[in-house]
Amino acid sequence: MTGVVVVGGGVGGLVAAHDLARAGASVTVLERSDRFGGQLEAVELAGRTVDLGAESFATRDGVVAALLADLDLTGEVVAPLDRPAWVHDAASGRAYPLPAAGVLGIPVHPRLALRALGVLGVARAACDAVLPRTGVPPGASVGDVVARRMGARVRDRLVDPVVRGVYSTAAADLALTTASPALARELAAGRTLAGAAARVRAASPAGSQVAGLRGGTTVLVRALVAAIAAHGGVLRTGVEVTGVDADGVSTRRADGAAEHVAADHVVVAVPGLLSRATTERRITVVAAAVRAPGLDAHPRGTGVLVARSGLRDGASAGADDVGGVGARALTHSSAKWSWLAPRDGVHLVRLSYDAGPADGDDGTPTRAQVTHDVRVLTGVRDAVVGETATRTWTRTIAVDLLPTTGATTVPATLVGEAAGRTGLAAVVAHARSGVATLLTRPTTQGAPS
């Protein structure tokens, strides 16, 4: 492997470029925007650095931990506050804590979810123990599997809020094999859903199921950029790749000038060039500085997820939503992360909202809506919202490969969102796996892998 062009300077592209450059390849990273990191971005808010993109990563399989070790960042890993998140039921206005033990909101011990499920819901969930153990049907969604094994209440009140919070999509729209391959394997081995969740949780690294980085996830971006450069890689912003040909890529710079960049192989980390997004979700994230003494006690743990059972999917805040909550989730960042602890009585929170189509209303909430949502979701009715920062992200959930011209196209590898991966851990794992495969096989012309 000699000359490689990496298209896209988000985390997937940067991880691929890092591993290739470290292996001795000549790597050039081309990023269309004016910064690296993609959906890892931070802003200064109330004197502190706050993530506006992904703020944490799943610890399963240790994939991100291994990357951080390669970058000498292990000492910067921090665990969140050891308290469960809560769920706000938008249809009833009730709030309840998630069970402490579970995977994707699936309770290992349904009886511990009595407050969320009620007696009938717990009884239905317990049927999982006696139902036939048929594994996971091909293409089955998280929502399908959970509803079949444990019932609709577990799906709607526990699992769907967690899946939306982590993957920005409904449990009914996310394949179980994508969300948790380990859980699918345990079910295929003939275990109950609760038993499979227990084994997956037990096999995870000790402590929390997620972790963060002191200073935010953009610490990872800066480390990757520095490491790529140290290994001789070239990183360029303001360069849009417009096409792939037999010996490289065609580009257009920010000043409009066209350019051809030669390559023996292309790694594509963004959809639109060799793949097309078939399922997307647009999310608006609002970070806010909030003054409220009642938040000092962390009244609802590390944050609140919103369950919309009984409401049509995508319903906006209004008369049909008891309490008028528009947010999909709230993270109490100052409670969750020790390095964002309250300062001068000011807490930091993050709220996520469903955004509209790119060519229409972007779904940006008003200040009044944000204030209302903070008060309802935290239970602190006198919370005062101060400075805010907002970003809208488009997340790719699934893709189709676009037709290529065969032997006239330089060999290509798709990673991250270009291959339909979402979530920091999944993107990192897929990028590293794709590069490992690329480095150990002969180079061939043809369709993207």
Side-chain angles (χ1 to χ4, degrees), residues 1-44 49 51-54 57 63-77 213-241 244 248-255 257 259-270 273 410 412-418 424-425 427-439:
M1 184 61 55
T2 52
V4 183
V5 167
V6 176
V7 183
V11 67
L14 293 177
V15 169
H18 167 265
D19 286 4
L20 285 164
R22 193 172 65 159
S26 175
V27 177
T28 299
V29 181
L30 303 178
E31 165 58 37
R32 181 176 60 181
S33 73
D34 61 358
R35 65 174 185 86
F36 296 108
Q39 296 193 30
L40 299 186
E41 185 184 6
V43 295
E44 291 296 313
T49 301
D51 286 311
L52 278 177
F57 55 88
V63 173
V64 179
L67 174 64
L68 296 174
D70 290 342
L71 296 167
D72 294 324
L73 290 176
T74 299
E76 302 305 311
V77 176
L213 288 170
R214 187 177 292 104
T217 55
T218 52
V219 169
L220 171 60
V221 175
R222 292 193 295 273
L224 283 167
V225 169
I228 293 166
H231 287 296
V234 176
L235 299 108
R236 298 174 59 189
T237 58
V239 181
E240 179 183 8
V241 175
V244 179
V249 298
S250 301
T251 72
R252 182 170 52 242
R253 300 200 309 258
D255 62 6
E259 180 183 4
H260 184 271
V261 181
D264 301 307
H265 198 98
V266 175
V267 173
V268 180
V270 292
L273 190 63
V410 68
T413 299
L414 273 56
V415 301
E417 283 203 282
L424 185 53
V427 169
V428 169
H430 188 257
R432 302 205 94 178
S433 174
V435 169
T437 300
L438 174 59
L439 291 172

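Everything numeric here is computed off the predicted structure, so don't read it as measured data.
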Side chains of Thr49 and Glu44: does their closest heavy-atom pair fall under 4.5 Å?
yes

Exam field: side chain Arg35 to backbone Gly38, donor-acceptor pair closer than 3.5 Å:
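Yes: the side chain of Arg35 pairs with the backbone of Gly38.
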
Considering only distance and modelled atom types, tabulate donor-acceptor pairs under 3.5 Å from the side chains of residues 10-21, sequence neighbours left out.
from, atom 1, to, atom 2, distance (Å)
Asp19, OD1, Arg432, NH2, 3.0
Asp19, OD2, Arg432, NE, 2.8

Kindly indicate whether the side chain of Leu438, heavy atoms from C-beta on, has any atom under 4.5 Å from the side chain of Val267.
yes

Arg253: partners by salt bridge (Lys or Arg N to Asp or Glu O under 4.0 Å), with sequence neighbours left out
Asp255

CD/Glu76 to CG/Leu71 distance, rounded to the nearest 0.5 angstrom?
12.0 Å

For Ser250, all residues meeting side-chain hydrogen bond (donor to acceptor under 3.5 Å, both in side chains), sequence neighbours excluded:
none

Who pairs with Arg252 by side-chain hydrogen bond (donor to acceptor under 3.5 Å, both in side chains), at least two apart in sequence or on another chain?
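Per chain and number, Arg252 pairs via side-chain hydrogen bond (donor to acceptor under 3.5 Å, both in side chains) with Glu240.
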
Just to verify, what does Val261 make a side chain to side chain contact (heavy atoms under 4.5 Å, CB included) with, not counting sequence neighbours?
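Side chain to side chain contact (heavy atoms under 4.5 Å, CB included) check on Val261 returns Val5, Leu30, Arg236, Val249, Thr251, Glu259.
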
Atom of Ile228, atom of Leu235 and distance for their closest heavy-atom approach:
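Nearest pair, atom of Ile228 first, then Leu235: CG2-CD1, 3.8 Å.
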
Looking at side-chain heavy atoms only, is the closest gap between Phe36 and Val29 below 4.5 Å?
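Phe36 vs Val29: side chains touch.
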
Apply the side-chain contact (heavy atoms from CB on, under 4.5 Å) test between Leu213 and each candidate in Asp51, Val64, Leu68; give the one that qualifies.
Leu68

Less than 4.5 Å apart, any side-chain heavy atom of Val415 and any of Val435?
no

Nearest heavy-atom neighbours spanning Val4 and Ala25:
CG2-CB, 4.3 Å

Return the CG to CZ distance between Leu40 and Arg222, rounded to the nearest 0.5 Å.
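The CZ atom of Arg222 is 11.0 Å from CG of Leu40, to the nearest 0.5 Å.
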
Who pairs with Ser33 by side-chain hydrogen bond (donor to acceptor under 3.5 Å, both in side chains), at least two apart in sequence or on another chain?
Glu31

From CA spacing to verdict: side chain to side chain contact (heavy atoms under 4.5 Å, CB included), Val270, Arg32
CA-CA 10 Å; Val270 292; Arg32 181 176 60 181; over 6 Å; no

